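Take a look at the structure set out below.
Since this is a predicted model, take the numbers as computed values, not measurements. All chains are named by letter (A, B, ...) in the order of the sequence lines, taking the proteins before the strands, and each is independently numbered beginning at 1.
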2 protein chains.
Amino acid sequence: MTGIEDVAVATGVSTATVSRALRGLAGVSAGTRARVLSAAQELGYVPSSAASGLASGRTMAMGVLLPLIERWYFSAVLEGVDRQLRAAGYDLIVFSLGGTGVNRERVFHRSILRKRIDALLVMCMELTEDEHLALSELESPTIVVGGSVQGVRHVGIDDGAAVRDAVEHLISLGHTRIGHVRGGGAFGLYFEVPRIREESYLATMAAHGLPLWDDWSVFGDFRFGEAKIAVKRMLSTVDERPTALFCSSDEMAFGALMAASELGISVPGELSIVGIDDHEFAGPMGLTTVRQVPEEQGAFAADLLLRELEGALPVLNPPTQPHELIQRASTGPAPR
Amino acid sequence: MTGIEDVAVATGVSTATVSRALRGLAGVSAGTRARVLSAAQELGYVPSSAASGLASGRTMAMGVLLPLIERWYFSAVLEGVDRQLRAAGYDLIVFSLGGTGVNRERVFHRSILRKRIDALLVMCMELTEDEHLALSELESPTIVVGGSVQGVRHVGIDDGAAVRDAVEHLISLGHTRIGHVRGGGAFGLYFEVPRIREESYLATMAAHGLPLWDDWSVFGDFRFGEAKIAVKRMLSTVDERPTALFCSSDEMAFGALMAASELGISVPGELSIVGIDDHEFAGPMGLTTVRQVPEEQGAFAADLLLRELEGALPVLNPPTQPHELIQRASTGPAPR
DNA sequence: TTGAAAGCGCTAACAG
DNA sequence: CTGTTAGCGCTTTCAA
């Protein structure tokens, strides 16, 4: 492996000068810098991150802690984070819990605290006090994306308002019998989003004096398949059907759409369906939904952290990210 | 930050002994080990990965290079890789090209070669000669997952055979007019899968002496939306419709399903549709498809690399991963 | 503008 | 079984 020493020898300067030149620091003459650069290029020199990390205390890497990788929202946020990191020359280290909470402590202590990262982005989780403490000792800037949590700064949409917009859209179409397809906190950890969305659905219904039937609330676990089964069962067994369904995610709304189609229930004629997300499939499926753009949320949060690493003052109250009702073919006036 | 020295002082031993005890090396008395462990625990000591990486030459991290994160196959493989790494105490570093090839060289040189990783898993790409060379100098074990490439060891299904199984399934149902919804190499880089699948479709049709119409081959870019539009246009403008469609991915097959539904073409009565993947939605949508399990592929490849890092001999010809035709409701006998 | 030298925090021989 | 001693390859004062 060619090291900084080789470049120094080749250029006839000290390693200190090579280091300065390569990092673009001031105080290197243009000539020297050029010679260093070309020598480095020629020799194929790439600095060792371990060595520079150890010496400088900066790893040039950012960590993302998430419950699971392969879920639309999570991987989309990751994509946005990665975009910014790539532009800034940072590496992305992914700490996934793999869908369960059991490894959480190990992941946290064995991986996150190893000083491998300069900053941490936490997705959709509430940190425990221990974790908070450990992080603050690390002095790495931290931020939470998705599923706001009290007392921690957070980037994301106003979930409560987004749900309200969805439900009130149904109400404005004359619906009064509105069911809910709920998401799950099946991760065995604090996962805020499903709770917030359910609460806002209930609050909105109450605010409009609309009836809540237990039968109309089914559990779809944020999944197409689960939601389809649950909605199909509900629609085919309930005494009186709802005329509309608010789904806590688009993937569950697709399941509801499918359930209705298999039961021969016309959408939106007999049943209106609204989701949240604006998933890639929502447009082609004609699903009315509330759009959020996770990629932008991830990019925004990553940028915030990146700027702090460059010395900017922490943004304590990041602006709420936008959401927007997108009307498509799956919602219409209440029957009769 | 508490360092190894603090633990040593607290225990009354040398840092070398602490290091040995903590890593579970032989040659430490049970009593000493216990005292070291409890002191480390008490002090909340976590080794610095930069320091141990520099000293030992092992980073305890694995890199994954991929074209894009947010795509079913890629994030599913990532999930499988992560599962194994987590179990082995390794960290996962993600190098994404973000959907384009433009940053490829920078990603490669500035990130991958920084000695931040002990091994590299490359997803669905052919490496250039330069890249190969650079990697071999690094001496990190490397493997490719998905989209086999000549001369490089590779973990994945036999794409040719999988396509053949899908197309021959249609043929066995009496179909002779079989169209193709193609995926894209829209990544601006060597991306093998779409090409392999197309070639196998063509070869299978030829082997059975079946006609190929240009009109029946449409480009869906591996996306629901694109595929839906392309298929809908094709079905509504072509002189003679195909009676079956082979789609190079499930997501495109969903688009085809949607297109048929919007045109009032019954599936499988008038049109049979088969995909490849067994995407999470395929079951609930009743899509006949060829199943592959990317998560297992990723886990398998990661394991291979992990074992080599522990000194095992390289597996030069990893076994082909299984695929399986799953018959569901979207395929049936050819009309008439 | 440049160089010398002292670490960064750990691991790995080599002794004892 | 344990300690001593060198580094790993950079960055960063401090002098020149």
Could you tell me how far apart Arg116(A) (CZ) and dG9(C) (P) are, to the nearest whole angstrom?
17 Å

If you take all heavy atoms of Glu79(A) and Ile69(B), which pair is closest and at what distance?
OE1-N, 2.9 Å

Got a salt bridge between Glu296(A) and Arg83(A), using NZ or NE/NH1/NH2 to carboxylate O under 4.0 Å?
yes

Can you tell me the distance, in whole Å, between the CE atom of Met60(A) and the P atom of dC10(D)?
15 Å

Between atom CZ in Arg33(A) and atom P in dT2(C), what is the gap in whole Å?
9 Å

Under-4.0 Å side-chain N/O to phosphate OP1/OP2 contact, Ser19(A) with dC10(D)
no

dA4(C) OP1/OP2 closer than 4.0 Å to side-chain N/O of Ser14(A)
no

Among dG9(D), dC10(C), dT12(D), find the nucleotide with the atom closest to the side chain of Ser56(A).
dT12(D)

Please give, in whole Å, the distance from dG9(C) C1' to Leu138(A) CG?
15 Å

Using a cut-off of strictly less than 4.0 Å, decide whether Thr32(A) has a side-chain nitrogen or oxygen near OP1 or OP2 of dT2(C).
yes

Does Gly3(B) reach a base, just sugar-phosphate, or nothing at all? Heavy atoms under 4.0 Å.
sugar-phosphate

Going by side-chain contact (heavy atoms from CB on, under 4.5 Å), Tyr90(B) matches just one of Val81(B), Asp82(B), Leu85(B). Which one?
Leu85(B)

Take the protein atom CZ of Arg114(A) and the nucleotide atom P of dC8(C), then report the distance between them rounded to whole Å.
22 Å

Out of dG9(D), dT12(D), dG3(D), whichever nucleotide has its closest atom nearest the side chain of Ser48(A):
dG9(D)

Atom CZ of Arg35(B) to atom P of dC1(D): distance rounded to whole Å?
14 Å

Any Cys124(A) side-chain heavy atom under 4.5 Å of Tyr73(A) side chain:
yes

Is any side-chain N or O of Arg23(B) closer than 4.0 Å to OP1 or OP2 of dA12(C)?
yes

Heavy-atom pair with the smallest gap, counting every atom of Ser140(A) and Ile117(A):
OG-O, 4.1 Å

At under 4.0 Å, does any side-chain N or O of Ser29(B) touch on OP1 or OP2 of dT2(D)?
yes

Given dT1(C), is OP1 or OP2 found less than 4.0 Å from the side-chain N or O atoms of Arg20(A)?
no

For the pair made of CZ in Arg58(B) and C1' in dT11(C), what is the distance, rounded to whole Å?
12 Å

Nearest heavy atom decides the nucleotide; on that basis, is Ala55(B) or Ala26(B) closer to the 5' end of DNA chain D?
Ala26(B)

Check every atom of dC10(C), dC8(C), dT4(D) against the side chain of Leu54(A) and return the nucleotide holding the closest atom.
dC8(C)

Distance in angstrom units between Lys115(B) NZ and dC10(C) P, rounded
20 Å

